[in-house]
Amino acid sequence: MKKLYLLDDAIISPLGFSTKENIKAIQEGRSGLQLQQKPETIETSFYAGVIEESLLNAAFVGIGDIKKYTKLEKMMLLAVQQILAKNKDLDLNETALIIATTKGNINLLKDPGNFPENRLKLSELGQVIANFFGFAQTPIIVSNACISGGLGIAVARRLGGIGKIKNALVVGGDLVSDFVVSGFNSFQALSQEACKPFSKDRNGISLGEAATAMLVSTDKPESSGNIALIGDATVNDANHISGPSRTGEGLYQSIQKALKEAKISANEIDFLSAHGTATIYNDEMESMAFHRSSLQNTPLNSLKGYYGHTLGASALIESIITKHTMLNNELYSSKNFGELGVSKSLTIIQENQNMEINYALKTASGFGGCNLALVFKKE
Amino acid sequence: MQQDFYIKNWVKIKNGKVSNSEKVIFNSSETDLSIFFKAVYNFLELKYPKFHKMDGLSKLGILGAEILFREHKISPDTALILSNNASSLETDRQFHESISSFASPTLFVYTLPNIVLGEISIKFKLQSENAFFVSDSFNAELLKNYSESLLTSGKSSEVLCGWLDLENGEYDVFLCLVSPEINMPFSEENLKKLYFAENEKPTSRT
């Protein structure tokens, strides 16, 4: 199948309103997670990465009316705007718009404000983004739990592979809504401290919000130093809808299939961008799948300590950071890691370091038993 | 030579009527959702206690998949590609209502549309490709293209694809099994023809 080239990207998160600001924050070890108090929603305080609405409005006022759009829409619109501003020749009649989200504007369920009821619909969110910029094609909306953002890139490659699309803008976004805070709290899955992926003392996730966008194309750019998606797979665990497989079966199979498609072996992978949510079961499952895949010596990180779990955006953000990790030949530390707390050995990146990176693997897993693996190559 | 694919069988569930490519297989005037789902479950003589714990969207998916898969030897790499308008909003609203008294973890897990893909995968032991798409109305072009990409790239040998919508107690289900076995050619036109046939009120923003 054809390769898919990763071109421009933008990240709107508590770490900054551009990819550059986000990378800088990660290089400096800064986290977007802060202590939150929402006594009307949950009794205990918790850590989450939340975007200050006044900062968002100050940035958005330059491109649109802040009252006409929801918080998530403003975040997504800003991300897309940054990319289109740098790619003025992009033909929006021919460019697919792929949107990845788990819950979209779910906060409108509690507080609809002046927005019509159908604004809750994910298709409406897609239409708002498309209409704002004039994308002619019906948006493709992927809502597949926490693999959505990465699956969005795979969808672009797959449709590109049969010649149905050439360029696509893949957009991901989700909010820290009372809805998801209540939900993960009901699961007793929220950490009291900032989340600690793969650590012995981890005890749950921190939520985060972000929007992100990436321009992709099946056409190879003329300039050198490009990152391409060369293998992708999703495999369902077929085990449990809210807990991962103990053996990491679906993730293991996803990795094997993606590597096979990329025609490389596990020992050629220079860097592994893990899902690493910091729940007891998720991180343990990942260690099983990585070990079974002979990836225990491959340097890996989880970015959840910087962003929290940004749900439908997470695998897209992490793919973008992976792209820059590869282009910069710079491995970023797995924030909040202490002592290894999973049963199989892993090589967690504890300090930023320079290293030549030619192949990288991004993985993600989510509710419903879904798993995803993406193999990237530097050319 | 490029392999051709066919819509081997399909199932529709709407307004109390359950039909496949050959005939109407069940008909009921029952308007209470859970009673209707139970009636179809009993009619199919399903023995799957987990069914009763599922939300409406997952029940619809299990019933539809059961009808397609029971007469067909399933390949373990059969992909599940479903789509709808309402995502999981039916359960989202129920969970939202529960928050003020007791936020229910069993409801929360169903507040994602792809959970039904997990339920079908568990019931039929499918460790395969999954994707859930949301669109305003039935998007035959996307289902056709995405299924075709999985089939022609060899990621899947067969695909269960279709539309599975539930909102405000109204359901609209059209699932089809796409296979190399000859029946109706797998095309955007045929998907549309089947979905819109005798469908007086296709799902869409009103």
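Predicted model, so just to flag it, every value in this text is computed and none were measured. The sequence lines fix the lettering, A, B, ..., with proteins before strands; numbering per chain opens at 1.
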[X], part contacting chain B, at a heavy-atom distance under 4.5 Å:
X        : result
A:Gln137 : neither
A:Ile42  : neither
A:Lys103 : side chain
A:Ala233 : both
A:Glu261 : side chain

(request) Output yes when B:Glu129 and A:Arg158 qualify as a salt bridge under the 4.0 Å nitrogen-oxygen rule, no when they do not. (result) yes
(message) Check this for me: does any side-chain nitrogen of one of B:Glu97 and A:Lys110 sit under 4.0 Å from a carboxylate oxygen of the other?
(response) no
(request) Mind checking the CD1-CZ spacing from A:Ile98 to B:Phe133? Nearest 0.5 Å is all I need. (result) 8.0 Å
(message) What's the separation between atom CG in A:Asn118 and atom CG in B:Asp136, rounded to the nearest 0.5 Å?
(response) 9.0 Å
Segment of [X] engaging chain A (4.5 angstrom heavy-atom cut-off):
X        : value
B:Glu167 : side chain
B:Ser87  : side chain
B:Leu80  : neither
B:Leu142 : side chain
B:Ile99  : side chain
B:Phe102 : neither

Sidechain-backbone polar pair: [X] side chain, [Y] backbone, donor-acceptor under 3.5 Å:
X        : Y        : result
B:Ser121 : A:Asn236 : no
B:Asn114 : A:Phe367 : yes
B:Gln127 : A:Val235 : no

(request) Flag the one option from B:Leu89, B:Val116, B:Thr111 with the top tally of heavy-atom pairs under 4.5 Å to chain A. (result) B:Thr111
(request) Look at B:Leu107, B:Asn145, B:Leu112, B:Ile115 and state which one has the largest set of heavy-atom pairs under 4.5 Å with chain A. (result) B:Asn145
(message) Give the interface residues of residues 238-245 of chain A toward chain B, defined by a heavy-atom separation under 4.5 Å.
(response) A:Ala238, A:Asn239, A:His240, A:Ile241, A:Ser242
(request) Residue by residue, scan residues 144-152 of chain A and write down, ordered by number, those that have a heavy-atom distance under 4.5 Å to chain B; if none do, write 'none'. (result) A:Asn144, A:Ala145, A:Leu151
(request) With side chain to side chain contact (heavy atoms under 4.5 Å, CB included) as the test, would you mind laying out the steps for A:Val155 and B:Tyr146 before giving the verdict? (result) CA-CA 8 Å; A:Val155 167; B:Tyr146 193 70; 3.7 Å; yes
